[in-house]
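Lettering of chains follows the sequences in order, A, B, ..., and the numbering in each one begins at 1. These numbers come from a predicted model, not from an experiment.
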Amino acid sequence: MTDETATPALNFVQTIIEHDNQTGKFEGRVQTRFPPEPNGYLHIGHAKSICLNFGLAERYNGQCNLRFDDTNPEKEDVEYVDSIKDDVRWLGFDWQERLFFASDYYEQLHDFAVQLIEKGKAYVCSLSAEEVREHRGGWNKEGRNSPYRERTAEENLDLFRRMREGEFDEGAHTLRAKIDMASPNMNLRDPTIYRIRRVTHHRTGDTWCIYPMYDFAHGLCDSLEKVTHSICTLEFEHHRPLYDWFLDQLEVYHPQQIEFARLNLTYTVLSKRKLISLVQAGHVSGWDDPRMPTLVGLRRRGYTPEAIRDFCERIGVAKFNSTIETTWLEDALRQDLNRRACRVLAVLRPLKVVIENYPEDQVEQLEAINNPEDAAAGSRQLPFSRELYIERSDFMEDPPKKYFRLAPGREVRLRYAYYLKCESVVRDEQSGEVIELRCTYDPATRGGSSPDGRKVKGTIHWVSAAHCVPAEVRLYDHLFQTPDPNKVEEGQDFTANLNPHSLEVLTDCRVEPSLSDVDPEQRVQFERTGYFRADPIDSRPGKLVFNRIVTLRDTWAKLSRNKAPKAGNKSKGGQKKQAK
RNA sequence: UACCCGGUGGUGUAAUUGGCAACACUACGGAUUUUGGUUCCGUUAUUCCAGGUUCAAGUCCUGGCCGGGUAACCA
């Protein structure tokens with residue numbers, strides 16, 4: 001069990017926990033919780049929080065609860081509860097029997113509210129929402145006390161009882177904490193703790209018409225669950241005094257709230273509101289569109305839970321508001337799949353090759369290694385014949401320097417097969433476009449090396465025309481074309497930065513026969529191209545559809561892109577380098 | 001405008017809590033390679049600024065600058 005030899009380098013939350021464990025603050029216990037509101041789909045930012053909370057529990061032999069913060073029935077729904085549970089499970093975390101809902105505690109929360117009233121720390125306010133806002137004041141304007149602030153405990157108790165019993169209309173009254181209308185912290189200016197909402201709750205139905213507010217409910221739920229470290233994002237920092245206030249006034253078990261910076265990623269958006277608008281405006285096909293940063297989207301795209309967890313581990317946890325480059329996510333995926341994915345040959349943009357000196361009816365089976373990173377993955381047979389398809393981009397009539405692939409008169413190696421030489425090209429009579437290559441092979445090079453030891457720099461992939469299987473391939477790119485989609489010109493919104501090429505569908509691809517019944521759960525590497533998986537929804541035997549999860553690193557593409565502006569002066573404006 | 005929180009290479013996170021600024025990713029250069037993949041090697045910082053305390057400051061103090069957050073009967 002010596003996986004980590006060097007100093008583990010604790011993040012600041014771990015530092016706090018270890019300190020607490022040393023001082024015995026929570027008797028060495030670690031109890032966390034992941035508290036989503038069931039009003040939307042989880043995204044990669046939530047994954048950071050999930051990994052943090054469950055990860056901490058795991059690391060310190062504690063427990064992490066899954067608790068739905070369902071205190072606002074207007075926005076919440078079981079649909080979201082189910083998808084969130086599914087996502088957390090998919091990521092690989094287990095809350096065992098500890099699935100909770102804030103609504104499980106409604107009765108207890110109500111009793112806490114009653115106690116607060118009895119202690120003279122809460123009152124029923126009959127101001128309208130607008131009046132409350134007006135009374136609250138502003139940043140440099142003190143608030144004014146509500147005229148209802150001094151109601152007696154008896155009166156408040158009676159009113160609150162009648163609120164619960166449904167005697168009043170929505171908005172007629174609220175229960176407010178009695179704190180300090182002059183506080184520089186707006187959250188302490190007599191915050192609302194209960195409001196009347198005549199809405200059916202997805203779990204409690206119509207048994208309640210008053211619902212607790214987040215600030216009141218959250219800390220008390222944490223307390224009831226004996227949470228030790230209540231981890232939330234930075235924007236709740238100003239809520240901590242209020243979190244502490246309720247716990248102190250009620251003299252109950254007191255967890256510690258700790259805030260961390262939420263995740264930001266380049267080339268995407270992670271706000272629930274923006275994600276919803278992308279779905280509603282039809283910019284994506286749905287929450288599970290493979291370009292979406294949602295967990296369902298990443299999952300459909302083909303990201304593995306292992307890669308996402310590794311990513312969350314690598315980005316660390318801090319209080320500094322940072323933006324992580326998406327390449328980190330891609331890199332985590334590449335690292336995972338390089339190790340695990342079987343290699344296959346697939347041609348995305350086919351160009352026909354006829355090997356003139358190869359016997360007309362001959363078919364050979366050639367051995368191909370499944371995964372050079374994993375000997376246990378074994379090998380398979382690839383059918384080879386006179387007519388093949390190769391990648392269009394692997395042939396150029398007039399190749400630039402350092403192009404190692406096929407060109408008239410040049411020789412390349414066909415992976416696992418033979419050396420192939422291009423003798424001539426066949427053109428479409430109308431367009432002049434190259435539609436076929438006439439080639440010859442060297443029978444002495446079977447397996448890919450020559451007895452005379454001559455060097456062939458390039459190796460290209462191929463499929464046998466008679467044996468390959470047609471497929472559709474969906475190439476995904478960043479949803480946005482700018483690193484920070486929120487940066488827009490006056491009068492525009494973030495959708496102005498959408499990448500028009502974020503999805504390219506190729507309908508005429510050819511893949512090797514072993515893929516004809518591929519399991520969508522299996523990720524494969526199309527050699528020299530990228531990592532792919534069959535789309536779990538649209539793909540089926542006979543009509544294969546593959547999603548590109550991520551490309552392979554492509555130094556040639558990078559090379560030709562960087563050299564282009566210098567060498568050829570007819571490049572179109574060049575890729576603008578990212579501004580600093 | 002008030003309050004709160006932050007500021008370490010292109011990016012993110014460290015720094016034994018006052019002791020020679022480290023690790024990872026990217027970028028660039030090179031080696032290996034039957035994937036232009038993988039792997040390996042190399043290159044990039046007066047720690048936001050200015051003062052102060054100290055033998056010694058990224059760490060402590062003072063002032064400034066910059067960034068983020070906050071005024072829902074949302075979470």
Side-chain angles (χ1 to χ4, degrees), chain A residues 6-7 9-12 15 35-37 39-40 69-72 74-76 125 127-130 132-133 136-143 170-176 183-187 189 191-197 210-211 213-215 217-218 232-241 259 261 266 272 314-325 327-328 330-332 334-335 338-339 343 345 369 372-373 402-405 412-417 445 447-449 456-461 525-530 551-560 562 578 580:
Chain A
T7 21
L10 305 179
N11 64 47
F12 83 99
T15 306
E37 182 188 14
N39 71 342
D69 233 323
D70 56 348
T71 55
N72 185 1
E74 285 175 298
K75 297 183 177 173
E76 298 153 4
C125 178
L127 252 23
S128 70
E130 299 85 282
V132 168
R133 195 176 314 126
R136 187 159 30 236
W139 283 322
N140 35 12
K141 199 171 94 202
E142 281 192 4
E170 276 195 13
H173 306 283
T174 54
L175 184 69
R176 296 176 68 183
S183 172
N185 183 341
M186 226 54 84
N187 293 305
R189 320 251 263 225
T192 303
I193 57 185
Y194 265 93
R195 77 289 212 185
I196 302 171
R197 273 300 101 93
I210 55 172
Y211 292 95
M213 300 287 288
Y214 165 85
D215 285 304
H218 196 89
C232 61
T233 45
L234 247 31
E235 67 271 26
F236 290 102
E237 230 160 358
H238 329 57
H239 294 244
R240 184 163 15 105
E259 310 85 13
T266 56
K272 217 174 257 182
R314 287 194 215 181
I315 59 177
V317 183
K319 298 195 75 160
F320 177 64
N321 247 302
S322 60
T323 302
I324 277 98
E325 296 175 336
T327 159
W328 284 52
E330 299 172 347
D331 189 75
R334 287 194 189 103
Q335 188 170 316
N338 175 54
R339 200 165 38 81
R343 274 61 170 170
L345 302 189
I369 294 177
E373 306 293 321
K402 288 190 152 178
Y403 183 82
F404 306 141
R405 283 110 96 149
V412 293
R413 174 168 35 237
L414 293 172
R415 174 132 247 228
Y416 298 123
T445 58
S449 57
V456 172
K457 182 81 177 163
T459 301
I460 66 173
H461 59 276
Q525 183 196 99
F526 288 2
E527 288 209 32
R528 304 208 305 135
T529 307
T551 62
L552 248 32
R553 281 209 185 75
D554 189 346
T555 34
W556 167 246
K558 206 183 297 174
L559 241 177
S560 45
N562 292 345
Q578 218 175 297
K580 43 181 159 177

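Taking the six-membered ring for Trp and thresholds of 30 and 60 degrees, A:Tyr214 and A:Phe236 have ring planes inclined between 30 and 60 degrees apart.
With centroids closer than 5.5 Å and planes inclined by less than 30 degrees as the test, A:Phe404 and the base of B:G36 pass as a stacked pair. In this structure, the aromatic ring of A:Tyr214 is not positioned over the six-membered ring of the base of B:A75 within 5.5 Å between centres and 30° between planes.
In this structure, A:His461 reaches neither bases nor backbone, as no heavy-atom distance under 4.0 Å exists between it and the strands shown. Within the nucleic acid shown, A:Ile315 comes within 4.0 Å of sugar-phosphate atoms alone, with no base atom in reach, counting heavy atoms only. Residue-level contact check: A:Thr192 touches the backbone only, with heavy atoms under 4.0 Å from sugar-phosphate atoms and none from bases. A:Arg343 comes within contact range of at least one nucleobase, with a heavy-atom separation under 4.0 Å. Looking at heavy-atom distances under 4.0 Å, A:Arg240 makes no contact with the nucleic acid at all.
For B:A57, there is no paired nucleotide, since no Watson-Crick or G-U wobble pair has both relevant distances below 3.5 Å. Checking B:G36 for Watson-Crick or G-U wobble geometry (two distances, each under 3.5 Å) identifies no partner in any strand. Remark: B:G6 base-pairs with B:C66. Criterion, Watson-Crick or G-U wobble with two distances under 3.5 Å. Pairing for B:A15 is absent, with no Watson-Crick or G-U wobble pair whose two atom distances lie under 3.5 Å. For B:A45, there is no paired base (Watson-Crick or G-U wobble, both distances below 3.5 Å).
Between A:Arg189 atom CZ and B:C73 atom C1' there is a gap of 18 Å when expressed in whole angstrom units.
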